[in-house]
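Heads up: the structure comes next, in structure tokens.
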Number of protein chains: 2
Amino acid sequence: MDRLRDIAIFSHLSDIQLEKLKKISSVKKYRAKEILFYEGDEPVYLHVLLQGTLKVYKTNHKGQQIFLHQFYPGGLVAELAHFENIPYPATAEFMSDSEVLRIDYKALEKDFFKNPDISFEIIKSLIAKHKILIDVIQKEVILTAEAKVAKFLLENEELFKTLKNTQVASILNLTPETLSRTLSKFKASGLIEVGDEHHIRIVNRDRLQEML
Amino acid sequence: MDRLRDIAIFSHLSDIQLEKLKKISSVKKYRAKEILFYEGDEPVYLHVLLQGTLKVYKTNHKGQQIFLHQFYPGGLVAELAHFENIPYPATAEFMSDSEVLRIDYKALEKDFFKNPDISFEIIKSLIAKHKILIDVIQKEVILTAEAKVAKFLLENEELFKTLKNTQVASILNLTPETLSRTLSKFKASGLIEVGDEHHIRIVNRDRLQEML
DNA sequence: GGCTTTTATTGACATAGGTCAAGGTTTTTT
DNA sequence: AAAAAACCTTGACCTATGTCAATAAAAGCC
């Protein structure tokens, strides 16, 4: 249980406080594709991702997933719902076998929220979420499909090599067809090159940048 | 300067603290349509809206405004940019003649952030913003034009009477044409009625609700 | 009360991106 | 290595919403 100390939000707690925390929390394992919670569920536990990856998405009118965010170990999941005592605003699904720490939220609130170190960490976590949401808006509302792809290429050139195009498409909330067509267009206009084994290389960084 | 005490975030401060706060802040008046800050500007002051209304929007690739949020008196504007020391992620424009309190952020941080009451208020403000952003995503990414209009009708029946359709359209980020067509459709299917003087009355609340 | 400006409505058309389908490629399984 | 499954690409078509233009209606103004 020393992992608690590795989690940013609890890193400043004393041993005694950590002991207390241990009493109100438990670890649960999940397998890939299991659901942590659905949009509309009532929150009970505060979740901290210990291991694995978790994606959060909303579902639009056609049942299509709108990817919002991906969590990595250490991430504090969906605290908003707890603070405001409202149903989860999105669905969370594990992308790989994972472990989460489940903390009894009511108990946490009672014992820990007066601690200024914790409230500072909560502010930090909220700010990080805030940024994520602004990025989602940027991505979904402001950018065209081309701009989304250009941005992703610039910021994640490496990732493009390891992820399948369907995965990239779903992160960008595009269909694989659109992604494929966009990449072909970039290739045709000499912005990128595709080497052996599907490895994409950016040829003209500046012109890609201009698309944003 | 007793207005400071009426602002939620400062309501728990002692007189001495308020005096200190007064020293690092000033009031500035703006007229309707003036800009408080542009997307990309560097933040210097933390702004609190004292009087009037302020809208925040982003601009998409075609120069079109994407309305994000409207502030009312008491609102703490764009604190994220300060906490993270990043440029403003959107543009803020006054919709009516207004007054804002400008606070020297660096000084505020130094003197006030250790105060647990203030940090709690900051958390509350951040959570409120978070909610707003989730609503923006809901509105812009998940809902169709019909659903947006249905939602707005259900939640703001009164507002529809006072606002012009162009104003409603801009809040919903739709063109006036699309709004007009959508309303005609609703009228044709007996969901709403338009009485004298453009007053819209909801006839079938349940069926409107189903569109969401 | 008649001008001028601002809104609202309607039609014809444009466009980005999605959908469906088919064929080719790659990866996984056995 | 063969078979099955998953993935990628391309074409034809669809749909929601935006754009542009014309006219009608309403609101503001001397």
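Just so we're on the same page: letters track the sequence lines, and every chain starts at 1.
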Residues in contact with DNA chain D, drawn from residues 135-157 of chain B - heavy-atom cutoff 4.0 Å: B:T144, B:A145

According to side-chain contact (heavy atoms from CB on, under 4.5 Å), who are the partners of A:T175, at least two apart in sequence or on a separate chain? A:E177, A:T178

Partners of B:P176 by side-chain contact (heavy atoms from CB on, under 4.5 Å), sequence neighbours excluded? B:T166, B:A169

Check salt bridge (Lys or Arg N to Asp or Glu O under 4.0 Å) between A:E34 and all other residues, then give those that pass, not counting sequence neighbours. none

Identify, with sequence neighbours excluded, every residue that meets salt bridge (Lys or Arg N to Asp or Glu O under 4.0 Å) alongside A:K139.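 Listed in chain order: nothing, the list is empty.
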
If I take atom CG from residue B:L133 and atom CG from residue B:L126, how far apart are they, to the nearest 0.5 angstrom? 10.5 Å

Distance check needed: [N] [atom2] versus [X] [atom1], whole Å only.
X: B:K164; N: C:dT9; atom1: NZ; atom2: P; result: 13 Å
X: A:L163; N: D:dC7; atom1: CG; atom2: P; result: 12 Å
X: B:L179; N: D:dT19; atom1: CG; atom2: C1'; result: 17 Å
X: A:K185; N: D:dT9; atom1: NZ; atom2: C1'; result: 15 Å
X: A:Q167; N: C:dT27; atom1: CD; atom2: C1'; result: 13 Å
X: B:I66; N: D:dG18; atom1: CD1; atom2: C1'; result: 12 Å
X: A:N165; N: C:dT27; atom1: CG; atom2: P; result: 12 Å
X: B:L183; N: C:dA8; atom1: CG; atom2: P; result: 10 Å

So does A:E210 pair up with A:R205, basic N to acidic O under 4.0 Å? no

For the helix from C:dG1-D:dC30 to C:dT30-D:dA1, what angle lies between the axis at the first five pairs and the axis at the last five pairs, to 10 degrees? 50°

Is A:T166 close enough to D:dA6 that one of its side-chain N or O atoms is under 4.0 Å from OP1 or OP2 there?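 So the side-chain polar atoms of A:T166 never come under 4.0 Å of the phosphate oxygens OP1 or OP2 of D:dA6.
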
Counting just side-chain N and O atoms, does B:S184 come under 4.0 Å of either OP1 or OP2 of C:dT9?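 No, no such contact exists.
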
What is the nucleic acid contact for A:N60, judged by heavy atoms within less than 4.0 Å: base, sugar-phosphate only, or nothing? nothing

Show each protein N/O and nucleotides 19-21 of chain C N/O combination with a separation under 3.5 Å, one pair to a line.
| residue | atom | partner | partner atom | Å |
| --- | --- | --- | --- | --- |
| C:dT19 | O4 | A:R181 | NH2 | 2.9 |
| C:dC20 | N4 | A:E177 | OE2 | 3.2 |

Ring pair (Phe, Tyr, Trp, His ring centres under 6.0 Å) partners of B:F94, counting only residues at least two apart: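 Result, ring pair (Phe, Tyr, Trp, His ring centres under 6.0 Å) vs B:F94: B:Y30.
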
Qualifying residues under ring pair (Phe, Tyr, Trp, His ring centres under 6.0 Å), relative to B:F152, sequence neighbours excluded: B:F160

Pairs in or reaching into residues 184-193 of chain A: which pass salt bridge (Lys or Arg N to Asp or Glu O under 4.0 Å), with residues at least two apart or in two chains? A:E146-A:K185, A:E193-A:R201

Sequence neighbours excluded, every pair satisfying salt bridge (Lys or Arg N to Asp or Glu O under 4.0 Å) that has a member inside residues 37-53 of chain A: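 Listed by first then second residue: A:E39-A:K58.
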
Output every pair passing ring-ring contact (aromatic ring centres under 6.0 Å, His included) with a member in residues 172-192 of chain B, not counting sequence neighbours, ordered by first then second residue. none

